[in-house]
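Proteins come first, then strands; the chains are lettered A, B, ... in the order of their sequence lines, and each starts at number 1.
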Amino acid sequence: MSKDEPSQPTASAATDRTPRYSPAEIEPRWQALWDAQADLYAAEPPTSGKQKYYVLEMLPYPSGQLHMGHVRNYAIGDALARHMWMRGYNVLHPMGWDAFGLPAENAALKNNTPPRNWTLANIAAMRGQMKRLGLSYDWQREVATCVPDYYRWNQWFFLKMYQRGLAYRKNSKVNWCPQCATVLANEQVVNGCCWRHEETIVEQRELEQWFFRITQYADELLRDLDKLDGWPEKVRTMQRNWIGRSEGATVDFSVIPKDEDRRGPRYAPVQLNLTETMLQPTPDREKITVFTTRIDTIYGATSLLLAPEHPLVAQFSADSPELQKKIRELLEEQKTAKEKGDLAALAKEGVATGRFAIHPFTQEAVPIWVANYVLMDYGTGAVMSVPAHDERDFEFAKKFGLELKIVVLPRHANEGENGNAEPLLPYTHQDSLLINSGEFTGLGCQEAQQKMAAFAQQHGFGKPSTTYRLKDWGVSRQRYWGTPIPMIHCDKDGLVPVPEDQLPVLLPDSIAITQEGGSPLSRVPEFAQVACPKCGGMARRETDTMDTFVDSSWYFYRYADPKNSRAPFDADTVAYWFPIDQYIGGVEHAILHLIYSRFWTKMMRDLGLVKNDEPVEHLFTQGMVVKNGAKMSKSKGNVVSPDDMIAQYGADATRMYALFAAPPDRDLDWQEDGVAGISRFLSRVYRFAAQAMPRVIAGRSLSLPSSLNPLERQLMRKLHQTLRRLTQEFDGRWHFNTCIAAIMELVNDLTADEKAIASGAVEDSVLYAIARNLVLMLQAFAPYLSAELWQQMGEDAQLLRAPWPAYDEALAAEHVLEVPVQINGKLRAVVTVPAGSDGEVLRATADQDPKIQAALAGKEIVKVVLLPGKLVNFVVR
RNA sequence: GCCCGGAUGGCGAAAUUGGCAGACGCAGCGGACUUAAAAUCCGCAGACCUUAACCGGUCGUGGGGGUUCAAGUCCCCCUCCGGGCACCA
């Protein structure tokens, strides 16, 4: 790193007359003072009667090191918290640690340290970094998810959910990361690879797993997105896609038993002589249920397609090794494509089973195929193929020469009245009319969908149905460093929940972390062997631990009442603080963390614990911090360490740069020269303040003069314009970069007139007003320097709770305006008029301008656009 | 393929309601201070044309079209970059 960087005060600086800005001296001094005041940033109790404001930044994983993304995240939250304090709110601004999880075990393997020690040491280190940054957290509310005081409530919630059937166990195919040697949730699989190991392909394994029934809330999670108008539309859309609700219908097709099979030409549907009994699906007749969103196209269904894993496939292929082989190939193709994440690119393949099913609307026989593009884990694992009206089916049918039946026509088919004009296939639009569809012919698609689903329901072979992409939340992890699932397996009594009064189920401390697969806890007999709470007999403890997303789904409730030993939190206290007014974090949590948190809140509401339907009122997703256009990463070697920045330029400059370099919602390119620039700015502020300080102090006890001289007026105007800018930005779009630029402009104005100010051209009282407000504005961005100057000014009230000054619109207003004068929309002159001048004055002033007179000479004025205070535009010929 | 962002000087950006494009900062250049350098302070600074210089002019917000007295901003089409989703039936 740069050893001989500027801005560190040197010994020679001491000889200068004006003191130098030295964050290395100021910041630790204030840090020590703040640290000694435990309740400096403490929220007041709900009884304070004040309006509450809950500002929250996403809790970090205690990796041991803050990165710049954290610094940015916390600088945003801290600026907001400090501002809201000054606005008089009762602010809750807590911080904690997402302290369970795999890295602790990996570190244990590598360094031979217990995960607990490693984690706690990391927390201590990062807490120190946060304190050095001067962040205004209420540390008395600090929560670490790995302590029994916290995770016991995970277990408590688990039991409540188990009682209500929201936590259940099922045998399921799971995503298995061979690197992690554990199960991943669907959400943790990215392009077929582990979200932590981007190179590691996730395998499918069959395991008994615990699940949370989040799908029970799928509809509400979707519906309530509409209420979250304080959330970015982008996040809401991502969640909508993730939930993936589709409305449609299920339809049952009866499989024609092998012995009744009467084939027509191989791929053409054949009209069968069907008896009444054959039409009715009966228990002894196999059914294939398909899910479709386009039941209106069902008359165009010319085959059924099964997923390779569909249960009936094995039966259909039982006596044909050749068929079995082909189906295995299809399955293999699908699996590989899935693992690679490019399912969409997979070439369509399939094979006819040789069996047929009865189309419930036409009573025709349709062939049953197995296709590699039909997925077992969506819908019913079987689809009806409508080649004329579905892209994929069209491609498939073309490839295998399957029949194609047009049953939907564009509403305005160009030629031929009775629908002779053939649409371009596949025709998938829904603003269309049905043909060749029996009694439904002539209906519009939408109407047909209703009627045909109802028809299917009346006749007992189908019903309207809704399917979701969202799956239940698999929470089992075969890892050590997590919340033990509080269940016991007894040979006699089956699954037995750990009685509530025996919580927490403590994670054993002494455990050898090895690379062996399977759950580490199962190798700790003291833990795994337990008496059955029901029969007292020998039983086995559940050795899976919970996904860490459980921890982060409700931690923000615990902040409201962090020491409660009788309940996860007090309901009334939570009712006061919730919902969170502002949540700030990276967009990478738009789906996982935020959808689980929403689910958890709804679940707790149904348990009667909270009253709010949603945890977060306003969500803000900040942009990434990049360096040279690339995401910071060790492999790219472009990581900038916050510690280095603080050592080099101070915490104030570091965090202020993080807010200055770009608006918070955009990506930010970290440029160290920029931090140096902020540091220079802070030096200028400090130097100006030091020079002005005696007069600022003198001005404290004086009242403002009844009339201001021109310089005073000019400076006060700038001050109030700056106050206005900050007030509006904090209320609205949070473009702190322009706030800081505005403060810089104010300071530039002050230093430009420094000599005049020093020689008394500005009254002490005015100077005091400006200096005081400057410090108030700076506080949200540079708390250390602000505290220092505040103290030097002799203020004894607490800076954090000093009231935010209301800007004075009259003082902020310019009394002389510069108005552009255009000719045919091109700038030709700028004229100066008194504020409030009407159009006539403006016109007259413009007419008198020599440049304008010259430009207008000999031209015919067609029109004059006169906007008082804004613009003159002569339209000429 | 679908959805959502974004594109403005050498660089990060600003322009909040359609009204002076480039505030503020970085880097750069010139000057002051200094024996010198650093630091600091003052000044210049979109591109091009014209001029000895001033003055002046033209172009300019990814590209093309449109609306308007007036477009970075509104409308239509396109390109590129980033992110999300993706045989979801």
Worksheet item: Residues in side-chain hydrogen bond (donor to acceptor under 3.5 Å, both in side chains) with A/Tyr468, at least two apart?
Response: A/Asp219, A/Arg245
Worksheet item: For A/Ala382, what residues pass the side-chain contact (heavy atoms from CB on, under 4.5 Å) criterion, not counting sequence neighbours?
Response: A/Ile288, A/Val290, A/Leu306, A/His310, A/Thr380
Worksheet item: Just how far, in rounded Å, is P of B/rC3 from CD1 of A/Ile243?
Response: 20 Å
Item to complete: Send over the distance from A/Phe736 CZ to B/rA23 C1', rounded to a whole Å.
Response: 19 Å
Worksheet item: Between B/rA32 and B/rA21, how far is it from one P atom to the other, in whole Å?
Response: 36 Å
Fill in: salt bridge (Lys or Arg N to Asp or Glu O under 4.0 Å) between A/Glu754 and A/Arg687, worked out
CA-CA 11 Å; A/Glu754 196 168 353; A/Arg687 187 182 49 72; 2.9 Å; yes
Response to the item:
From CD of A/Gln671 across to C1' of B/rG10 the rounded distance in Å is 11 Å
Item to complete: Using atom CG of A/Asn241 as one end and atom C1' of B/rC87 as the other, report the distance to the nearest whole Å.
Response: 16 Å
Worksheet item: So which one's nearest nucleotide on RNA chain B is more toward 5', A/Arg245 or A/Met744?
Response: A/Met744
Discussion item. How many whole angstroms separate atom CG of A/Asp667 from atom P of B/rC11?
Written reply: 18 Å
Worksheet entry | Spacing between A/Ile678 atom CD1 and B/rA13 atom P, to the nearest angstrom | 14 Å
Worksheet, complete the sentence: Hits for side-chain contact (heavy atoms from CB on, under 4.5 Å) against A/Glu395, two or more places apart or cross-chain, chain-then-number order -> A/Lys348
Fill in: Upstream residue (5' side of RNA chain B) when A/Glu818 and A/Ala741 are each assigned their closest nucleotide
A/Glu818
Fill in: A/Arg469 side chain near B/rC87 phosphate (N/O to OP1/OP2, under 4.0 Å)
no
Worksheet entry | side-chain hydrogen bond (donor to acceptor under 3.5 Å, both in side chains) involving A/Lys399 - partner list, sequence neighbours excluded | A/Glu349
Worksheet item: For RNA chain B, what dot-bracket results from Watson-Crick or G-U pairs at under 3.5 Å, with [ ] for crossers and | for inter-strand partners?
Response: (((((((..(((......[....))).(((((.......))))).((((......))))..(((((..]....))))))))))))....
Fill in: Interatomic distance at P, B/rG66 relative to B/rG72, whole Å
15 Å
Table please: side-chain donor-acceptor pairs of residues 655-666 of chain A below 3.5 Å, with sequence neighbours left out.
{"unit_1": "A/Arg655", "atom_1": "NH1", "unit_2": "A/Asp78", "atom_2": "OD2", "d": "3.2"}
{"unit_1": "A/Arg655", "atom_1": "NH1", "unit_2": "A/Leu133", "atom_2": "O", "d": "2.8"}
{"unit_1": "A/Arg655", "atom_1": "NH1", "unit_2": "A/Gly134", "atom_2": "O", "d": "3.2"}
{"unit_1": "A/Arg655", "atom_1": "NH2", "unit_2": "A/Asp78", "atom_2": "OD2", "d": "2.5"}
{"unit_1": "A/Tyr657", "atom_1": "OH", "unit_2": "A/Asp669", "atom_2": "O", "d": "3.2"}
{"unit_1": "A/Tyr657", "atom_1": "OH", "unit_2": "A/Gln671", "atom_2": "N", "d": "3.1"}

Item to complete: Provide, to the nearest angstrom, the distance between the CG atom belonging to A/Leu827 and the P atom belonging to B/rA15.
Response: 21 Å
Worksheet entry | Gap between atoms NZ and C1', on A/Lys627 and B/rG12 respectively (whole Å) | 13 Å
